[in-house]
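Okay, so here's the structure we're looking at.
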Amino acid sequence: MVDVNGTCDERFRALEEQFRANLEQGLDKGASLAVTLHGESVVDLWGGTTDWGQTQPWTEDTLVRVFSTSKVMVMVTVLLVVDRGLLDLDAPIAEYWPEFARHGKGAVTCRQVLLHKSGLPGFGRTVTFLEVADYDNAIHLLEDAELWYEPGTVSCYHPFTFGHLLAEPIRRITGVPFDEFFHREFAEPLGAEFHFRLTSPDDSTRVAQLWPAAKEPDLPSEMGTRAMSEVVATTEWIDTKQLAAFSPASSGITNGRAMARVGAMLAQGGELDGRRYIRRSSIEDACREHSYQEDQVLGTMRLGLGFGLDSPEFPAPTPSTFHWGGYGGSFLTMDLESGISCGFAQNQLSIGDEFGDDPRLRAFWSILGDISRSLA
């Protein structure tokens, strides 16, 4: 039997059983899973191994790259700055970042970015991940980039540009680098160990090695293929240079517990442990439908302000769940009605044929739905 460590409330025992089964069946090599209920931790599990030799155990403080689940941290930071009256989602990004207006981009808005409709799902040429993760270089690439389509029309998932297009206006407004601002406003007060980059050798030794995907997801369009393939990795994801690189949409390094902690704040309507982070009305607006159409990468997609929402095409644990996930299978879900948040982080990358077609996610989400209904 695979060793699974941590704690699990009896009401959530089915999640622990599924977590263990995934490890025993080889669907996961190592992983962490955490759940909060009304802001309190009810599940905090970890198990398996962190290395390709499968000799090093996954521990309580193991970290792993979660790719686009990082976008949730960008979204909450956007909501905070909007709440403070510093950012207007419908104002041109160029009002905050004048150089961005080049090549006809003067009318693009942050709302269009959140809905993956900005016209800039990519940089317009093949680049390495390290080029994108050189933040200033990526900003210059975006300033010089040309639109792929008329903003506000086509939905085409922004795998990398999403983060920079939202982080740079925030940096211009606050005068603080985006990752530092996020750490100050969320990670530190929440006690959530979410890093956008790692430079400490001690921290780097805690990062799990990644097992490659069995098969890359099938993409529904030529534009989607172009958007997803223009950024290439030239070294291993746990290489020192990769760990120190900063790409706000995709470079997050964390674990299930830290993500669930951020999710707990959202599932509690923006307030946790007596501290108000975001107005409840802002979160309610962010998790109502703002877009529902065919996406050039993800297929039919129902969106709030960046968050994925329940739909027949991509059923969530409950109709009121809002969520996002990352390449490989990590995810974070939140539910204002049940007060549940759930974070999952693992080192075995995607095992499905399409985005969202991952048996681990489907099994966990089905169980979360059953538990939510039993607690109602």
Side-chain angles (χ1 to χ4, degrees), residues 6-7 31-46 58-81 83 163 166-167 170 174 176-200 202-204 206-208 243 246-278 280 282-283 286 306-307 322-326 330-336 339-347:
T7 59
S32 59
L33 177 73
V35 179
T36 68
L37 175 63
H38 303 311
E40 299 297 326
S41 174
V42 288
V43 178
D44 187 5
L45 299 172
W46 60 90
W58 194 290
T59 67
E60 183 177 7
D61 65 350
T62 293
L63 303 171
V64 69
R65 195 177 288 279
V66 295
F67 297 99
S68 283
T69 309
S70 309
K71 289 179 171 66
V72 176
M73 310 308 153
V74 177
M75 295 171 205
V76 298
T77 309
V78 169
L79 292 180
L80 173 70
V81 178
D83 261 9
L166 295 169
I170 292 173
T174 64
V176 180
F178 179 84
D179 55 333
E180 292 181 21
F181 186 74
F182 170 81
H183 180 80
R184 185 184 77 192
E185 299 293 338
F186 291 106
E188 185 174 29
L190 285 168
E193 192 179 8
F194 189 100
H195 306 273
F196 280 102
R197 54 182 153 188
L198 285 176
T199 55
S200 162
D202 289 341
D203 287 337
S204 298
R206 296 190 286 126
V207 180
L243 293 177
F246 171 46
S247 176
S250 60
S251 66
I253 303 166
T254 186
N255 53 37
R257 180 189 314 111
M259 292 195 295
R261 180 73 176 160
V262 176
M265 178 270 295
L266 291 166
Q268 287 294 102
E271 183 176 0
L272 192 62
D273 300 335
R275 174 168 173 160
R276 169 64 62 185
Y277 292 85
I278 302 169
R280 184 181 183 91
S282 296
I283 296 172
F307 296 103
F322 54 114
H323 59 84
W324 202 253
S330 65
F331 65 78
L332 176 57
T333 71
M334 292 74 57
D335 188 343
L336 279 169
I340 290 175
S341 75
C342 179
F344 175 67
Q346 80 310 323
N347 64 350

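We use all heavy atoms of the structure for the numbers below, so side chains are in, but hydrogens, waters and symmetry mates are not.
- Looking at residues two or more places apart in sequence or on another chain, you find a ring-ring contact (aromatic ring centres under 6.0 Å, His included) between Phe246 and Tyr135, Phe196.
- Applying the salt bridge (Lys or Arg N to Asp or Glu O under 4.0 Å) criterion to Arg261, with sequence neighbours excluded, gives Asp273.
- For the pair Gly39 and Thr36, the tightest heavy-atom approach, listed with the atom from each and the gap, is C-CB, 4.3 Å.
- When all heavy atoms are compared, the tightest approach of Gly269 to Ile283 is C-CD1, 3.4 Å.
- For Arg184, there are no side chain to side chain donor-acceptor pair (under 3.5 Å) partners, not counting sequence neighbours.
- In this structure, the separation between CG on Leu266 and CZ on Arg280 is 11.0 Å, given to the nearest 0.5 Å.
- Among residue pairs with one or both ends in residues 35-46, those qualifying as salt bridge (charged side-chain N to carboxylate O under 4.0 Å, His left out) are Asp44-Arg257; sequence neighbours excluded.
- From Ile253, atom CD1 reaches atom OG of Ser204 across 7.5 Å, with rounding to the nearest 0.5 Å.
- Closest approach of Pro248 and Val74 over heavy atoms only: O-CG2, 3.4 Å.
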Using the rule given for side-chain contact (heavy atoms from CB on, under 4.5 Å), can you reason through Thr69 versus Phe344, listing the C-alpha separation, both sets of side-chain angles and the distance that settles it, and then say yes or no? CA-CA 10 Å; Thr69 309; Phe344 175 67; over 6 Å; no

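- Residues satisfying the ring-ring contact (aromatic ring centres under 6.0 Å, His included) criterion with Phe307, sequence neighbours excluded, are Phe322.
- Minimum heavy-atom separation, Gly163 to Ala249: N-CB, 3.4 Å.
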Could you walk me through whether Trp46 and Thr62 pass the side-chain contact (heavy atoms from CB on, under 4.5 Å) test, one step at a time? CA-CA 9 Å; Trp46 60 90; Thr62 293; over 6 Å; no

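- Not counting sequence neighbours, Ser32 has no partner by the side chain to side chain donor-acceptor pair (under 3.5 Å) test.
- Looking at residues two or more places apart in sequence or on another chain, you find a side chain to side chain donor-acceptor pair (under 3.5 Å) between Arg206 and Glu193, Asp203.
- Under the rule for a side chain to side chain donor-acceptor pair (under 3.5 Å), Thr174 has no partner lying at least two apart in sequence or in another chain.
- Across every non-hydrogen atom of Gly263 and Ser341, the tightest pair is C-CB, 3.4 Å.
- In this structure, the side chain of Arg65 engages the main chain of Ser251 through a donor-acceptor pair within 3.5 Å.
- Under the side chain to side chain contact (heavy atoms under 4.5 Å, CB included) criterion, Glu185 pairs with Leu80, Arg84, Phe181, Arg275, not counting sequence neighbours.
- Under the rule for a side chain to side chain contact (heavy atoms under 4.5 Å, CB included), the partners of Ser68 that lie at least two apart in sequence or sit in another chain are Lys71, Tyr157, Trp324.
- With a 4.5 Å cut-off on side-chain heavy atoms, Leu63 and Leu198 count as touching.
- Cys342 is listed as a side-chain neighbour of Leu33, based on a closest heavy-atom distance under 4.5 Å.
- With rounding to the nearest 0.5 Å, the separation of CG in Leu272 from CG in Leu190 is 6.0 Å.
- A distance-only check finds a donor-acceptor pair linking the side chain of Arg276 to the backbone of Ile278 [under 3.5 Å].
- Listed by chain and number, the residues in a side chain to side chain contact (heavy atoms under 4.5 Å, CB included) with Glu180 are Val176, Pro177 (sequence neighbours excluded).
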Start with the C-alpha distance between Phe186 and Val76, add both sets of side-chain angles, then the distance that settles side-chain contact (heavy atoms from CB on, under 4.5 Å), and finish with yes or no. CA-CA 9 Å; Phe186 291 106; Val76 298; 4.1 Å; yes

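- Scanning both residues, Gly6 and Leu45, for their nearest heavy atoms gives C-CD2, 4.2 Å.
- Listed by chain and number, the residues in a ring-ring contact (aromatic ring centres under 6.0 Å, His included) with His195 amount to none (sequence neighbours excluded).
- With rounding to the nearest 0.5 angstrom, the CE atom of Met334 is 9.0 Å from the NE2 atom of His323.
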